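Since the structure is predicted, the reported quantities are computational estimates derived from the model, not experimental observations. To find a chain, count down the sequence lines: A is the first, B the second, and so on, and within it residues start at 1.
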Amino acid sequence: MYRELQSQLVQHVRAFLQKQYQVELKNIPVEQPPSVELGEYALTFCFELAKKLRKAPRKIAEEIVANIGPIPGIERLEVAGGGYINARVDRAQLAKKIVSGSTESAPTGEKILVEHTSINPNKAAHIGHLRNAILGDTFVRLLRADGRHVDVQNYIDNTGVQVADVVVGLMYLEKKSKGEIERLITDPAPRGNQPIDYYCWDLYAKVSGWYELSPENKQTRLKMLHEIEAGNNEAAEIADILSTAILRRHLETMQRLGIYYDFLPRESEILSLHFWDLAFAQLKEKGVLYLEMEGKNKGCWVMKRAGTKAADSEAAEQSGPDEDAKIIVRSNGTVTYVGKDIAYHLWKFGLLGRDFGYRRFFHYAPNPDYPKGHEVWISAKSGEADHPHFGGVSAIYNVIDARQADPQNNVIEALRLLGYAEQAAHYTHLSYEMVALTPRCAAELGYDLLEEDKARAFIEVSGRKGFGVKADDLLDALIASAKREVDLRRTEIADEERHTIAQHVAIGALRYFMLKFTKNSVIAFDFKEALSFEGETGPYCQYSVVRAGNIFRKAGADPDAILRENIDLENIVTGSENDDIWSLWLTAAKLGLIIDQSIATSEPAYLAKYAFQLAQGFNNFYHRHHILTEADESRKKALLATAAIARRELIRALGVMGITAPSVM
RNA sequence: GGGCGCGUAGCUCAACCGGAUAGAGCAUCGGAUUUCUAAUCCGACGGUUGCAGGUUCGAUUCCUGCCGCGCUCACCA
């Protein structure tokens with residue numbers, strides 16, 4: 001609506017500039033004037049044109065406004081300031097289009113792969129993982145709202161050092177047999193009735209300390225890692241049952257937040273199906289890797305790093321070994337993490353020539369996102385005969401924190417050097433900054449802080465040290481806090497229903513909190529802020545939806561039905577006395593544009609800010625115009641339509657963020 | 001040392017590809033017909049956008065140099 005009209009306007013202006021002045025502008029930026037009093041769109045290109053045409057910007061603006069002629073949907077153009085052109089739309093006409101609300105973009109058919117969460121399956125999920133999963137899930141929802149076909153993957157590193165650490169803990173510190181470990185997973189009693197991921201959280205921290213005690217202890221870790229990677233032994237079996245149990249816990253935690261997956265590829269299958277061998281052959285054949293013959297990397301297969309001197313200067317190549325090169329295969333013949341990741345990404349783009357086996361792993365009961373329920377598939381060496389196909393996509397988004405930019409860039413560079421420029425260009429590392437704790441928060445949690453840490457703005461969480469806030473704990477705290485608020489406000493309804501409301505509010509608060517910060521801002525986590533339900537929060541937005549709903553409930557009207565009636569929009573959106581109401585309509589009309597921008601910049605925070613703005617606009621309207629006591633029936637109906645539009649678009653915006661509003665709060 | 005990112009109100013953060021008076025929330029203070037439920041609304045207070053230059057009609061935004069902070073760069077994953 002707003003988006004469509006905007007592109008029409010740009011097209012028209014572009015054609016006119018070409019015809020009248022023979023100029024072709026690459027970009028015709030469109031902004032919104034500071035206030036609707038000045039119009040709906042602002043054009044700034046006259047300033048740029050001033051140089052080319054050797055005329056004052058205002059003069060050009062005046063000429064254009066005088067000569068451009070009528071533009072569909074635009075009432076008139078006006079010159080403002082030193083050379084802005086402001087466009088005023090035909091409000092009644094646009095409002096009518098907003099009411100009809102049918103502008104879904106056509107599906108493109110191509111498949112997009114979004115990978116997120118990817119928590120090492122050796123401990124409970126913490127707030128850092130929540131940011132990843134919420135960011136990723138919201139991005140998936142954005143793409144789907146835009147009509148794209150998306151597969152959601154959660155990569156499981158079930159054979160890595162982190163899993164090995166916990167297995168070491170069970171076998172060497174706790175001295176448990178395989179049978180005891182199996183019982184530990186099926187029976188909560190031996191682990192003090194805490195969930196298995198919680199139990200391992202503490203154990204993991206303990207093992208890290210144990211390694212520091214002696215070099216022999218540290219050796220155990222390496223030995224364990226190799227056994228697990230090799231497979232077909234007791235340690236590998238223990239690692240498998242343990243990591244699988246913890247993985248289930250992670251899926252349950254994320255399910256609480258409305259986060260679902262389609263496929264869980266595991267490192268164990270990347271190893272057992274020998275993905276690396278195929279990738280290695282390609283990398284050697286195309287000369288991406290070379291065997292280093294001298295220097296500190298002697299005997300390793302290495303790859304030049306992107307952007308280094310060695311990569312673009314031939315002179316450097318002759319002056320000895322490139323010691324800065326990235327090692328892909330160690331001198332002992334084992335492959336590094338980046339190597340495996342290259343193979344995995346060749347698979348993602350369908351360039352490897354081999355596929356995973358697939359079997360069913362987890363079933364989601366019917367829910368608002370999947371009314372018929374949903375199946376999660378997991379990789380397997382030999383899977384079920386009937387399975388959906390994953391991988392072979394045209395674009396990928398990896399939601400991974402900023403600390404892993406370097407390995408990500410290595411993988412992209414490898415694809416590029418292999419000649420897959422197209423794929424490399426559609427490989428997006430959706431990078432975001434970490435969630436850390438404020439010193440105050442750390443103190444509240446009972447951690448002893450070093451003096452130097454107390455002075456910091458934030459302290460990095462560390463699973464290895466057991467330092468952090470567990471995802472389920474935070475969600476529980478939010479639900480409890482929301483429940484107290486609901487108990488105070490809604491004494492007339494049943495406790496069970498109050499609990500459901502509290503869950504909605506808690507999820508809204510948490511998801512919004514994780515989305516309101518732009519990606520490259522470090523979140524310094526603090527309970528006080530995260531538990532807030534006022535101001536710029538999810539519950540604020542949810543409350544606006546509830547309020548709008550209340551109006552219709554009291555009026556005995558259905559918001560969708562109102563919009564199908566014959567409404568006199570002219571009298572409510574036109575004229576400067578109605579600027580505040582019109583401005584709410586206009587904000588509501590922008591959701592499509594905001595979704596586009598959020599995708600283009602891979603920045604879900606835009607959407608969060610927008611939802612808040614829309615909620616704020618509605619609350620303002622709510623106070624200024626008392627709908628149910630409006631005497632003029634025609635105006636009352638138009639006000640109801642206004643509330644219906646704001647409500648509809650706000651519900652839609654929140655839905656893309658995975659937030660739903662309860663019917664009462 | 002190289003790479004990436006950050007520095008904006010007391011605090012936490014915004015600012016669309018460079019655009020009109022740099023905006024929100026929190027905190028503080030003052031107010032809102034006991035109403036479509038106040039998880040709300042209105043107002044006040046609060047800024048040399050780290051510093052110094054440059055480009056531009058116009059710079060929080062782009063360029064250069066400093067200062068400060070975070071992350072990262074292993075034959076760990």
Side-chain angles (χ1 to χ4, degrees), chain A residues 26-27 29-35 38 42 44 47-48 50-51 56-57 80-84 86 120 157 159-164 221-222 225 267 296-300 302 305 307-309 324 326-327 329-332 334 336-338 340-341 401-407 409 431 433-434 436 438 456-458 460 482 485-486 488-490 505 516-518 520-524 526 528-529 532-537 539-540 542-544 546-555 593-594 597 600-601 603 605-606 609 612-613 616 619-620 622-629 643 664-665:
Chain A
K26 258 207 315 269
N27 267 321
V30 183
E31 283 158 38
Q32 214 183 320
S35 129
L38 296 169
T44 58
F47 294 105
E48 194 189 334
K51 267 165 284 173
Y84 290 95
N86 290 337
N120 277 307
D157 183 3
T159 57
V161 67
Q162 296 215 28
V163 170
R221 172 195 224 182
L222 224 59
L225 180 60
E267 181 162 81
K296 65 171 178 139
N297 296 338
K298 186 178 173 188
C300 298
V302 302
R305 281 175 201 272
T308 59
K309 278 180 198 140
D324 196 38
K326 176 69 196 167
I327 293 166
V329 181
R330 303 182 188 99
S331 57
N332 67 6
T334 58
T336 59
Y337 175 79
V338 170
K340 283 178 268 192
D341 218 20
D401 76 68
R403 287 170 290 193
Q404 298 200 52
D406 203 57
N409 288 333
S431 166
E433 274 293 348
M434 62 183 163
T438 60
R456 288 169 185 264
F458 53 81
E460 195 171 349
E485 295 293 326
V486 183
L488 286 174
R489 288 158 218 261
R490 295 279 80 94
V505 171
K516 71 192 263 194
F517 302 93
T518 49
N520 44 17
S521 150
V522 174
I523 298 181
D526 197 314
K528 187 169 158 275
E529 261 190 80
S532 165
F533 300 142
E534 286 167 20
E536 199 201 334
T537 65
Y540 175 97
Q542 292 169 307
Y543 186 60
S544 307
V546 170
R547 281 187 140 173
N550 286 345
I551 298 173
F552 292 100
R553 195 163 36 80
K554 273 274 166 82
L593 187 73
I594 298 295
Q597 275 177 357
T601 55
E603 181 54 274
Y606 279 134
K609 297 283 174 190
F612 176 63
Q613 238 180 23
Q616 225 176 9
N619 276 326
N620 193 292
Y622 179 93
H623 273 267
R624 226 189 280 218
H625 305 278
H626 202 270
I627 300 177
L628 297 184
T629 54
V664 290
M665 270 174 81

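At a threshold of 4.0 Å, the pair A:Lys528-A:Asp526 does not count as salt-bridged, since none of the basic side-chain nitrogens sits closer than that to a carboxylate oxygen. Under a 4.0 Å N-O distance rule, the pair A:Asp406/A:Arg305 qualifies as a salt bridge.
Taking side-chain N and O atoms only, A:Asn520 has a distance below 4.0 Å to OP1 or OP2 of B:rC6. At the phosphate of B:rA38, OP1 or OP2 sits under 4.0 Å from a side-chain N or O atom of A:Arg547. Residue A:Asn409 places none of its side-chain N or O atoms closer than 4.0 Å to OP1 or OP2 of B:rC4. At the phosphate of B:rU40, neither OP1 nor OP2 sits under 4.0 Å from any side-chain N or O atom of A:His623. The phosphate of B:rA38 has OP1 or OP2 within less than 4.0 Å of a side-chain N or O from A:Tyr622.
Listed here is the closest heavy atom pair of A:Ile523 and A:Phe517: CD1-CD1, 3.4 Å. Annotation for A:Ala524 and A:Ala457: closest pair CB-O, 4.3 Å, computed over non-hydrogen atoms. Of all non-hydrogen atoms in A:Glu433 and A:Ala402, the two that sit nearest each other are OE2-CB, 3.9 Å.
Checking B:rA44 for Watson-Crick or G-U wobble geometry (two distances, each under 3.5 Å) identifies B:rU28 as its partner. Base pairing of B:rA52 is made with B:rU64, judged by Watson-Crick or G-U wobble geometry with both donor-acceptor distances under 3.5 Å. Nucleotide B:rC16 is matched to nothing when pairs are restricted to Watson-Crick or G-U wobble geometry with both distances under 3.5 angstrom. Base pairing annotation: B:rC71 forms a Watson-Crick or G-U wobble pair with B:rG3, both donor-acceptor distances under 3.5 Å. Judged by Watson-Crick or G-U wobble contacts below 3.5 Å, the nucleotide B:rA59 has no partner. With a cut-off of 3.5 Å on both Watson-Crick or G-U wobble distances, the partner of B:rC36 is given as none.
Taking the C1' atoms as reference points, B:rC4 lies 22 Å from B:rU49, given to the whole Å. Across B:rC36 and B:rG31, the matching P atoms stand 25 Å from one another, rounded to whole Å. Annotation: B:rU56 and B:rC11 have their P atoms spaced 36 Å apart (nearest Å). Here, B:rG19 and B:rC63 have their P atoms 15 Å apart, quoted to the whole Å. B:rA22 and B:rC16 are spaced 15 Å apart, taking the P atom of each and rounding to whole Å. For the C1' atom pair drawn from B:rU55 and B:rA74, the interatomic distance equals 42 Å after rounding to whole Å. Rounded to whole Å, the C1' atom of B:rG70 lies 16 Å from the corresponding atom of B:rG50. When the C1' atom is used for both B:rC6 and B:rU60, the distance is 13 Å, rounded to whole Å.
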Does A:Glu536 form a side-chain contact (heavy atoms from CB on, under 4.5 Å) with A:Lys609? I'd like the steps, not just the answer. CA-CA 9 Å; A:Glu536 199 201 334; A:Lys609 297 283 174 190; 3.2 Å; yes
Assess the residue pair A:Lys516 and A:Phe612 against the criterion (side-chain contact (heavy atoms from CB on, under 4.5 Å)); give the C-alpha distance rounded to whole Å, side-chain angles, the decisive distance to 0.1 Å, and a yes or no. CA-CA 9 Å; A:Lys516 71 192 263 194; A:Phe612 176 63; over 6 Å; no
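Listed nucleotides B:rC13, B:rA38, B:rC36 differ in distance to A:Lys554; the shortest reach to its side chain belongs to B:rC36.
The separation between A:Ile523 atom CD1 and B:rG70 atom P is 19 Å, rounded to whole Å. Rounded to whole angstrom, the span from the OH atom of A:Tyr540 across to the P atom of B:rA38 amounts to 13 Å. We find that CE of A:Met665 is positioned 9 Å from P of B:rU40, with the value rounded to whole Å. Rounded to whole angstrom, the span from the CZ atom of A:Phe533 across to the P atom of B:rU40 amounts to 12 Å. The separation between A:Met434 atom CE and B:rG5 atom C1' is 11 Å, rounded to whole Å. Between A:Leu628 atom CG and B:rC36 atom P there is a gap of 7 Å when expressed in whole angstrom units.
Position along RNA chain B of the nearest nucleotide to A:Arg624 versus A:Arg489 favours A:Arg624 as the more 5'-ward residue.
Using a 4.0 Å heavy-atom distance criterion, A:Arg456 is classed as a sugar-phosphate-only contact. Residue A:Asn550 is in base contact, counting any heavy-atom pair closer than 4.0 Å across all strands shown. Nucleic acid contact for A:Val329: none, since no nucleic acid atom lies under 4.0 Å from a heavy atom of the residue.
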Find every protein N or O atom lying less than 3.5 Å from an N or O atom of nucleotides 73-77 of chain B, and list the pairs.
| unit_1 | atom_1 | unit_2 | atom_2 | d |
| --- | --- | --- | --- | --- |
| B:rA74 | OP2 | A:Arg305 | NH2 | 3.4 |
| B:rC75 | O3' | A:Arg330 | NE | 3.3 |
| B:rC75 | O2 | A:Ser331 | N | 3.3 |
| B:rC75 | O2 | A:Ser331 | OG | 2.9 |
| B:rC75 | N3 | A:Ser331 | OG | 2.6 |
| B:rC75 | N4 | A:Lys296 | O | 3.2 |
| B:rC75 | N4 | A:Lys298 | O | 3.1 |
| B:rC76 | O3' | A:Arg330 | NH2 | 3.3 |
| B:rA77 | OP1 | A:Arg330 | NH1 | 3.3 |
| B:rA77 | OP1 | A:Arg330 | NH2 | 2.2 |
| B:rA77 | OP2 | A:Arg330 | NH2 | 2.1 |
| B:rA77 | O2' | A:Asp157 | OD2 | 3.0 |

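When atom types are taken as modelled, the side chain of A:Asp341 and the backbone of A:Tyr337 share no donor-acceptor pair closer than 3.5 angstrom. Panel note: side chain A:Thr601, backbone A:Gln597; a donor-acceptor pair is recorded below 3.5 Å. Although no hydrogens or angles enter the test, the distance criterion places a donor-acceptor pair under 3.5 Å between the side chain of A:Thr336 and the main chain of A:Ile327.
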So if I define the base as every atom that isn't primed, P, OP1 or OP2, how would nucleotides 16-29 of chain B read as a B/S/- string at a heavy-atom cutoff under 4.0 Å? BB-BB---SSS---
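Between the side chains of A:Arg547 and A:Asn550, no donor-acceptor pair of N or O atoms lies under 3.5 Å. For the residue pair A:Asn619 and A:Tyr540, a side-chain donor N or O sits within less than 3.5 Å of a side-chain acceptor on the partner.
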